[in-house]
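Only one structure is covered here, and it is reproduced in the block below.
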Amino acid sequence: MKITNIKDVFFDLDHTLWDFDKNSEITFEGIFQRNHPAIEIKTFIEKYVPINQACWKLYQYDKISHEELRYNRLKHSFDAINYSVSDAQIEIIAQEYIQLLPDNNLLFEGAFEILDYLNANYKLHIITNGFAEVQGRKIKNAKLHDYFHTITNSDMAGVKKPNPIIFEYALDLAKANKENSIMIGDSLDADVQGALDMGLDAIFFNTDKVQVEQKIKQVNHLLELKKYL
């Protein structure tokens with residue numbers, strides 16, 4: 001089951017190494033305790049998570065802008081819990097959220113162990129659709145920076161995964177060949193199918209254990225990557 005031809009390993013960041021959902025909940029909890037104490041954090045997060053995912057999917061395919069993403073995910077979430085908030089307040093919350101989010105740096109279990117393990121034999125890289133201003137601080141604050149030879153974000157490439165251009169950009173930056181590279185991420189379409197369509201191998205980080213085609217390589221825990229690499 002080991003893959004023997006790999007030299008370069010490309011990771012997604014959010015939801016793959018950096019635990020976006022846990023860090024996001026901690027960030028919102030702090031904001032709401034200070035300024036909107038009537039909001040029950042668990043109720044908000046229950047609505048926010050799927051709304052945020054849906055907004056990101058639209059953003060990923062350029063159907064909404066960066067600004068619309070930041071506004072819509074909050075507006076729709078507040079509407080879903082019947083909490084009245086002005087557009088001006090939403091803008092303040094959105095700015096505070098982006099500013100504070102990288103200060104919380106919970107990683108998925110096994111992140112450092114698997115990076116230490118892989119770093120001995122492969123060159124490691126990141127490809128992320130996240131905003132450059134935020135992703136750089138996440139990587140630095142979480143003490144991930146020294147593991148990665150290159151970091152490609154969608155702002156640099158001008159497009160987002162699964163667009164093949166971002167994979168080409170990352171491969172060029174890494175001086176890597178797609179035949180000797182593999183992508184690891186939590187998104188079936190953006191990370192896995194996007195990489196496969198470009199000729200890279202891919203592994204699906206399937207924490208929710210969703211049903212996928214048998215041909216898709218997958219792991220439910222980061223340390224299971226040792227089966228393949």
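Just so it is clear, the model here is predicted, and its values are computed rather than measured.
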Check: Asp155 main-chain N/O paired with Asn153 side-chain donor or acceptor under 3.5 Å:
yes

Angle between ring planes, Tyr48 versus Phe44, binned at 30° and 60°: parallel, tilted or perpendicular?
parallel

Side chains of Pro162 and Gln60, heavy atoms from C-beta outward: is any pair under 4.5 Å?
yes

Quick check: does any side chain N or O of Glu224 sit under 3.5 Å from a backbone N or O of Asn220, one acting as donor and the other as acceptor?
yes

Distance in Å, Leu69 CG paired with Lys63 NZ, rounded so as to fall on 0.5 Å steps
14.5 Å

What do you reckon, is NZ of Lys227 surrounded by more than 12 foreign heavy atoms closer than 6.0 Å?
yes

Does one side chain, of Tyr97 or Ser24, offer a donor that lies under 3.5 Å from an acceptor on the other?
yes

Determine, step by step, whether Phe167 and Asp197 satisfy the side chain to side chain contact (heavy atoms under 4.5 Å, CB included) criterion, reporting the C-alpha distance in whole Å, the side-chain angles of both residues, the deciding distance to 0.1 Å, and the verdict.
CA-CA 10 Å; Phe167 292 100; Asp197 288 346; over 6 Å; no

Check the pair Phe28, Ile41 against side chain to side chain contact (heavy atoms under 4.5 Å, CB included), reporting the backbone distance first and the verdict last.
CA-CA 7 Å; Phe28 277 124; Ile41 186 65; 3.8 Å; yes

Using a 4.5 Å cut-off on heavy atoms from C-beta on, say whether the side chain of Tyr228 contacts that of Asp201.
no

Check the surroundings of atom NZ in Lys143: do more than 12 heavy atoms from other residues, nucleotides or ligands lie under 6.0 Å from it?
no

Main-chain N/O of Leu229 paired to Tyr117 side chain as donor or acceptor, under 3.5 Å
yes

If you take all heavy atoms of Asp21 and His15, which pair is closest and at what distance?
OD1-CE1, 3.3 Å

Mind checking what makes side chain to side chain donor-acceptor pair (under 3.5 Å) contact with Glu133, not counting sequence neighbours?
none

Any donor-acceptor pair under 3.5 Å linking the side chain of Lys2 with the backbone of Lys226?
yes

Without hydrogens or angle criteria, can the side chains of Asp189 and Gln193 be said to hold a donor-acceptor pair below 3.5 Å?
no

Looking only at side chains, do Tyr59 and Asn129 share a donor and an acceptor under 3.5 Å apart?
no

Would a 4.5 Å heavy-atom cut-off, applied to side chains only, mark Leu58 and Glu68 as touching?
no

Partner residues of Asn104 under the side chain to side chain donor-acceptor pair (under 3.5 Å) criterion, sequence neighbours left out
Thr27

On a heavy-atom basis, which atom in Lys217 and which in Ala202 lie closest, and how many Å separate them?
CB-O, 3.6 Å

Within the 6.0 Å centroid threshold, strictly below: Phe205 and Trp18:
no

Determine, for Asp8 against Lys175, whether the closest basic-nitrogen to carboxylate-oxygen distance falls under 4.0 angstrom.
no

Exercise: do Gln135 and Lys138 side chains pair donor with acceptor under 3.5 Å
yes

From Cys55 SG over to Leu74 CG, what is the distance, rounded to the nearest 0.5 angstrom?
9.0 Å

By salt bridge (Lys or Arg N to Asp or Glu O under 4.0 Å) - contacts of Asp103 (at least two apart)
Arg137

Shortest non-hydrogen contact from Ile216 toward Val212:
CB-CG2, 4.2 Å

Which residues pass the salt bridge (Lys or Arg N to Asp or Glu O under 4.0 Å) test with Lys47, sequence neighbours left out?
none

Would you say NZ of Lys123 has more than 12 non-hydrogen atoms from neighbouring residues, nucleotides or ligands within 6.0 angstrom?
no

Going through the distances and angles, do Leu107 and Leu144 end up as a side chain to side chain contact (heavy atoms under 4.5 Å, CB included)?
CA-CA 10 Å; Leu107 302 177; Leu144 292 173; 3.9 Å; yes

I'd like a table of donor-acceptor pairs (distance under 3.5 Å, sequence neighbours excluded) in which one partner is a side-chain atom from residues 176-184, with atom names and distances.
{"residue": "Lys178", "atom": "NZ", "partner": "Met198", "partner atom": "O", "Å": "3.4"}
{"residue": "Asn180", "atom": "ND2", "partner": "Asn5", "partner atom": "O", "Å": "2.9"}
{"residue": "Ser181", "atom": "OG", "partner": "Asn177", "partner atom": "O", "Å": "2.7"}

Strictly distance-based, threshold 3.5 Å: is any side-chain N or O of Asn119 a donor or acceptor partner for the main-chain N or O of Leu115?
no

Between the CG atom in Leu13 and the CD1 atom in Ile127, the distance rounded to the nearest 0.5 Å is 12.0 Å

Between CD1 on residue Ile165 and OG on residue Ser154, distance to nearest 0.5 Å:
12.5 Å

Backbone of Leu106 reached by a side-chain donor or acceptor of Asp19 within 3.5 Å
no

Might you work through the ring-ring contact (aromatic ring centres under 6.0 Å, His included) test for Phe131 and Trp56, ending with a clear yes or no?
CA-CA 12 Å; Phe131 310 136; Trp56 266 100; 5.5 Å; yes

Quick one: pull up CG in Asn23 and CG in Leu100 and give me the separation to the nearest 0.5 Å.
12.0 Å

The salt bridge (Lys or Arg N to Asp or Glu O under 4.0 Å) partners of Asp186 (sequence neighbours excluded) come to none

Quick check: do Tyr169 and Val159 have side-chain heavy atoms less than 4.5 Å from each other?
no

Applying ring pair (Phe, Tyr, Trp, His ring centres under 6.0 Å) between His125 and each of Phe10, Phe11, Phe148, Tyr147, report the one that passes.
Phe10

For Gly130 against Thr128, the heavy-atom pair lying closest together
N-OG1, 2.9 Å

Could you tell me the separation between the CD1 atom of Ile139 and the CD1 atom of Ile126, rounded to the nearest 0.5 Å?
4.0 Å

Is atom NE2 of His145 surrounded by more than 12 heavy atoms (other residues, nucleotides or ligands) closer than 6.0 Å?
no

